Structures are given as C-alpha cells and as structure tokens.
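We're numbering straight along the sequence, starting at 1. Note that the coordinates shown come from a computational prediction; the quantities given were computed from them, not determined experimentally.
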Amino acid sequence: MRRIVIIGAGFGGLATGYLLSKQGENVTILEHQKQPGGCLQSFYRNGLRFDTGLHYLGGLNTGGPLDYFFKELGLTDLPWVKIKDYEVHCGDKHYIIPCGESAWLKYLTNLFPTKKDELNEFIKSLKDITYCPISDTVKYWEQNAWDWLQKTITDPKLRDVISGMSFILELKKENLPLFAFAEILYSYFCSIHILPTGGQPIIDHLTNNINANGGKIRCNATVKQILEKERQVTGVLLDNGEVIEADTVISSINPTALMQMIAENSSIRHIYRRRVKNLECTLGCFTVNLQLRSDYKIKGVSPIYIHKNGSDFWNMDTDKVEQLLIHFYKGQNCADIIVPMSWDSVKQWGDTPAGCRGEDYVRFKEQKLNECLDLVETAIPDFRKAITDHWSSTPLTWQTYLLSPKGTAYGVRKDNNSLETTLLFPRTPLSGLYLTGQSMILHGIMGTTISAFQTASMINNNIKSWPSEL
C-alpha cells in the first residue's frame with residue numbers, strides 16, 4: 001500500500017483521492033483553506049447561497065461524455081436537475097435552444113434550413129471527436145478549431161449561434177485546439193444539469209467516501225516544499241515545519257504554483273520548470289452575485305448567454321463587457337453574472353491584500369457592474385430595478401483564495417500550434433511526482449474529471465482511465 005499525498009482538495013484532488021483510496025491506497029489530501037471543495041464551494045450573503053464555480057454541468061446524460069466517469073465516482077445519484085434548454089442573445093436576435101442532440105439539431109435546422117447538411121456533418125464530427133479512442137485524439141489537438149468551424153459551418157450567423165454559449169472556452173481564432181472545442185461544446189449540446197444546492201453534495205460524497213476508505217483530508221495544511229532524494233519524491237514539507245513522508249505526491253493545484261514548491265537544487269531540470277512557469281493561463285472572471293426582490297419572478301434556471309451587438313465571439317475585448325452569462329438560482333431570488341476578465345484589468349492591485357485595495361478598486365468594480373447591467377438589460381429590460389443588493393469579485397479573488405495564478409478560472413491555455421509545451425502529462429521528471437487537474441487536458445469539470453482518471457490509473461493499474469467506448 002503506497003503512501004500518497006495529494007496537494008489541493010478541490011474537485012481534482014478529491015476525485016483522484018477517491019479513486020485511489022477506493023483501491024486501498026493510503027491517501028492524505030492537504031488543503032490550505034479551512035474546508036475542502038475549491039471551486040465547488042458555496043458561500044452565503046444575506047442568507048442566500050451562491051456558487052463559486054459550479055453552475056452548469058454538460059454531458060451527464062445517459063451515455064454522455066461525462067456519464068461513465070461520474071458513475072465510477074458515484075456522483076450520478078446526486079439530486080441533479082436536467083435543464084431543458086439554454087438561451088443565446090446575439091444583439092437583437094434571441095434563440096432558445098433545446099438540449100439533446102436530436103432536439104438541438106432539429107431546432108437549428110428549422111432556423112437555417114439551407115444548412116441542414118452542414119449541421120448534420122457538424123454534430124456528427126463533434127460526436128466522432130468526443131468518442132474517439134484517446135490514442136487518436138492527437139490529430140484533433142493539432143487542428144485549429146476556428147479553421148475547422150469556418151469550413152464546416154459557412155454561415156457567419158449560424159457560427160455565432162453555435163459559439164454563443166462557449167465563451168468560457170476562451171475562443172481564440174489563432175490557437176484553440178479542435179479537441180478542446182469539440183469535447184466541451186458537444187457535452188453541453190447533449191445535456192445540461194445543475195445541482196440546486198450547489199457543489200456541496202459533490203464535496204460531501206467524495207470526502208465521506210475518502211474517509212470511509214481510510215483516507216485523510218487535512219485542511220489548514222499549506223505545503224511549502226516538495227521533498228526528494230536521489231531523483232525520487234519522499235514527501236512534503238508544510239509551512240509549520242511538519243514533514244509528511246510519501247512514496248507518491250500528486251499536485252492538483254495549478255502547475256505554475258507547484259513550481260514554487262520545487263527547491264532550486266531539485267533534480268527537476270530548469271528547462272522543465274521554465275516551461276511550466278512560462279505557460280499562459282486562461283482568462284479569469286468578473287462575477288457579480290445579486291440579491292433580487294422577493295416578488296421578482298425569475299426567468300427560470302436555464303443559462304442565458306448575452307452578447308453585445310456586433311461583438312466578435314472569437315476575438316473578445318476583455319477590457320470591455322461584450323459577452324456574459326447570467327445564472328438564476330432555483331428556489332432563491334438571486335442570480336450570478338459571469339464575465340471573462342483578463343489579469344491585466346486588475347494587475348495594478350495584484351500585490352495589495354484583500355480588503356485593502358482602496359476606492360479605485362471599488363470604483364472599478366462598480367463600473368464593471370454597470371457595464372454588465374447595461375448588457376443584461378438588452379435581453380432583460382429593467383433588470384436593475386429587481387436588484388436589492390450585490391457583491392462582486394475579480395480574478396484577484398481567485399488568486400487570493402484559490403491560489404489560482406493571475407486569477408485564471410480554467411487553468412493553462414492550450415495551443416494547437418504548440419502542443420509540446422502547453423499539453424501537460426501526469427508524470428513529471430521527478431519520480432513519484434504527478435499532476436492532475438484542469439490544466440492537464442481540458443477546462444472545467446470535464447477536463448478535471450478526465451485528468452483524475454488518467455493520473456490515478458498511472459499509479460494504480462486497477463483504475464480504468466478511459467472507457468472502452470470512448
């Protein structure tokens with residue numbers, strides 16, 4: 001039985017820990033915060049519960065891209081609610097698009113009847129890419145998503161509708177790999193689910209089972225250094241001086257943050273450390289949590305994507321509010337507005353502690369709030385009148401509380417032109433040190449889940465990393 005230490009009790013660390021502890025491995029998960037969960041955590045304002053990162057989940061339908069993995073994790077029995085559709089607002093155009101492959105295809109074919117063949121080929125190709133054997137995915141990683149989309153869907157308006165709910169992918173014309181685009185987009189076309197009580201049931205299920213399997217989760221435990229001897233990991237050093245011995249260490253934190261825990265005299269070559277430190281991060285988010293009037297009738301809990309008239313979905317100006325997602329909570333009179341935001345927008349306050357960033361930072365957030373509400377009201381008139389209180393956060397919040405470098409919300413940015421540097425693998429040059437999490441393969445829950453299975457399977461052969469049908 002190996003002694004395994006996992007750094008970080010977010011979803012990646014918990015999922016990896018669950019898989020390994022289920023196989024009898026001796027697992028200890030170390031979390032620097034006072035409670036596990038990472039982006040799955042919820043928080044409360046004025047008695048209302050708000051989600052940190054988990055709002056919607058794609059591909060959880062029977063046979064869907066996430067179904068196999070969540071069944072193995074024991075998560076399919078949680079109280080998921082299936083969302084029947086999602087909204088996309090493109091300027092003055094409004095689309096209510098049903099979930100489910102056949103319903104999605106029928107809806108768009110009715111709107112764009114001359115593009116029926118293109119739509120059929122598009123959805124077939126997405127499905128083929130999503131379910132292809134993992135050994136065959138390299139060609140899709142090397143293919144540019146924008147180039148492929150232009151060739152497959154020739155109508156610019158139809159391209160906008162298709163791309164309208166995927167701005168969290170950071171749609172970059174020059175380097176987004178087709179595999180990342182197809183895998184995540186197809187999962188949301190298949191199905192969208194929510195947990196009405198937020199991510200806490202996921203946290204509870206995984207932590208309870210890790211404990212039941214003999215594993216340990218230690219909070220308020222900050223790792224200072226990875227320990228090694230003769231090119232083999234031997235454990236970790238905590239900031240309080242405690243040493244925890246281990247045969248295997250798995251990092252579920254951002255790889256850039258991990259490199260700060262590697263000693264200068266480490267056997268990991270500087271070229272590898274430089275490569276990881278120089279990786280570009282995806283965008284962060286500006287998030288507004290809104291309390292609404294008790295008599296305000298919410299539109300439902302379907303995701304609503306709103307795009308400014310004339311905005312280029314594949315070339316966002318992140319200094320402006322051109323695209324956003326608004327999420328209404330089931331059973332509560334509250335909502336979230338989520339907008340992509342670059343680190344450059346807030347880096348002037350990057351070295352200032354939370355709560356001490358001054359009036360300029362407060363004014364900056366209020367300005368962004370008003371820009372958000374201006375855009376929301378193009379789709380939901382007079383929405384401002386429904387708001388009774390609000391709270392906002394920026395990439396600085398993610399960096400402060402989740403140790404997310406530059407406040408990145410989706411980990412390392414992948415580049416189809418430079419896969420050898422941006423696509424990370426679980427094994428590192430230090431024997432016994434592994435990586436897991438959304439920076440490895442794909443963004444979000446989908447990528448983190450796949451990564452957990454891949455990493456765990458490299459350590460324990462009894463764990464299946466990829467279902468045979470994929």
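Atom-to-atom distance recorded for Leu108:CG and Phe189:CZ is 7.5 Å, nearest 0.5 angstrom. For the atom pair Leu78 CG and His193 NE2, the distance stands at 11.5 Å (nearest 0.5 Å). With rounding to the nearest 0.5 angstrom, the NE2 atom of His89 is 6.5 Å from the CD1 atom of Ile380. The CD atom of Gln454 sits 11.0 Å away from the OG1 atom of Thr16 when rounded to the nearest 0.5 Å. The CG atom of Asn220 sits 9.0 Å away from atom NZ of Lys34, with the distance rounded to the nearest 0.5 Å. Taking NZ of Lys127 as the reference point, atom CD of Glu101 lies at 4.5 Å (rounded to 0.5 Å).
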Please lay out, stage by stage, how Thr436 and Tyr434 fare under the test side chain to side chain contact (heavy atoms under 4.5 Å, CB included). CA-CA 7 Å; Thr436 193; Tyr434 293 81; over 6 Å; no

Please walk me through it: do Ile226 and Ile7 pass side chain to side chain contact (heavy atoms under 4.5 Å, CB included)? CA-CA 10 Å; Ile226 308 297; Ile7 304 171; 3.6 Å; yes

Walk me through whether Lys414 and Phe179 qualify under side chain to side chain contact (heavy atoms under 4.5 Å, CB included). CA-CA 10 Å; Lys414 300 298 183 285; Phe179 184 79; over 6 Å; no

Please walk me through it: do Leu290 and Cys334 pass side chain to side chain contact (heavy atoms under 4.5 Å, CB included)? CA-CA 5 Å; Leu290 301 167; Cys334 56; 5.9 Å; no

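Inspection of the Thr400 and Thr397 side chains reveals no N or O donor paired with an N or O acceptor under 3.5 Å. With hydrogens and angles left out, the side-chain atoms of Asp85 and Ser302 include a donor and acceptor closer than 3.5 Å. Side chain to side chain, Thr154 and Lys115 meet the donor-acceptor criterion of an N or O pair below 3.5 Å. A side-chain donor-acceptor contact under 3.5 Å links His94 and Glu87. Looking only at atom types and distance, the side chain of Asn289 has no donor-acceptor partner in the side chain of His390 under 3.5 Å away. Side-chain atoms of Asn416 and Glu142 include no donor-acceptor pair closer than 3.5 Å. Between the side chains of Thr282 and Thr408, at least one donor N or O sits under 3.5 Å from an acceptor N or O. Under the 3.5 Å distance criterion, with hydrogens and angles disregarded, a donor-acceptor pair is assigned to the side chains of Glu25 and Asn460.
Looking only at distances, a side-chain donor or acceptor of Asp155 sits under 3.5 Å from a matching main-chain atom of Lys157.
By the 4.5 Å heavy-atom criterion applied to side chains, Arg2 and Ile459 are counted as neighbours. Side-chain atoms of Leu258 and Leu435, non-hydrogen and from C-beta on, do get closer than 4.5 Å to each other. Val81 is not listed as a side-chain neighbour of Leu195, based on a closest heavy-atom distance of 4.5 Å or more. By the 4.5 Å heavy-atom criterion applied to side chains, Ser163 and Trp314 are counted as neighbours. Residues Phe11 and Thr449 are in side-chain contact: their nearest non-hydrogen atoms beyond the backbone lie under 4.5 Å apart.
For the pair Ile129 and Ala182, the tightest heavy-atom approach, listed with the atom from each and the gap, is CG2-CB, 3.8 Å. Nearest heavy atoms, Cys372 versus Val339: SG-CG2, 3.5 Å. Of all non-hydrogen atoms in Val88 and Tyr86, the two that sit nearest each other are CG2-CE1, 3.7 Å. When all heavy atoms of Gln232 and Leu430 are compared, the pair lying nearest together is N-CD1, 3.9 Å. A pairwise comparison of heavy atoms in Pro426 and Met458 identifies CB-SD, 3.6 Å as the closest pair. Taking every heavy atom of both residues into account, Met446 and Glu183 meet most closely at SD-OE2, 4.1 Å.
Aromatic ring centres of Phe69 and Phe453: separated by under 6.0 Å. Taking the ring centroids of Phe286 and Trp343, they lie at or beyond the 6.0 Å cut-off. Aromatic pair Tyr56/His327: centroids less than 6.0 angstrom apart. Note: His307 and Phe313 meet the aromatic proximity criterion, with ring centroids under 6.0 Å apart. If you look at Trp148 and Phe122, their ring centroids are closer than 6.0 Å.
Residues that satisfy the ring-ring contact (aromatic ring centres under 6.0 Å, His included) test with Phe328, not counting sequence neighbours, are absent from this structure. Shown here are the side-chain contact (heavy atoms from CB on, under 4.5 Å) partners of Val276, two or more places apart in sequence or in another chain: Pro255, Met259, Tyr272, Leu279.
Partner of Val249 under the side chain to side chain contact (heavy atoms under 4.5 Å, CB included) criterion, out of Val233, Ile4, Leu227: Val233 alone.
Note: Tyr18 and His205 have tilted aromatic rings, judged against thresholds of 30 and 60 degrees for the angle between ring planes.
By the 6.0 Å and 45° rule, Lys173 stacks over the aromatic ring of Trp146.
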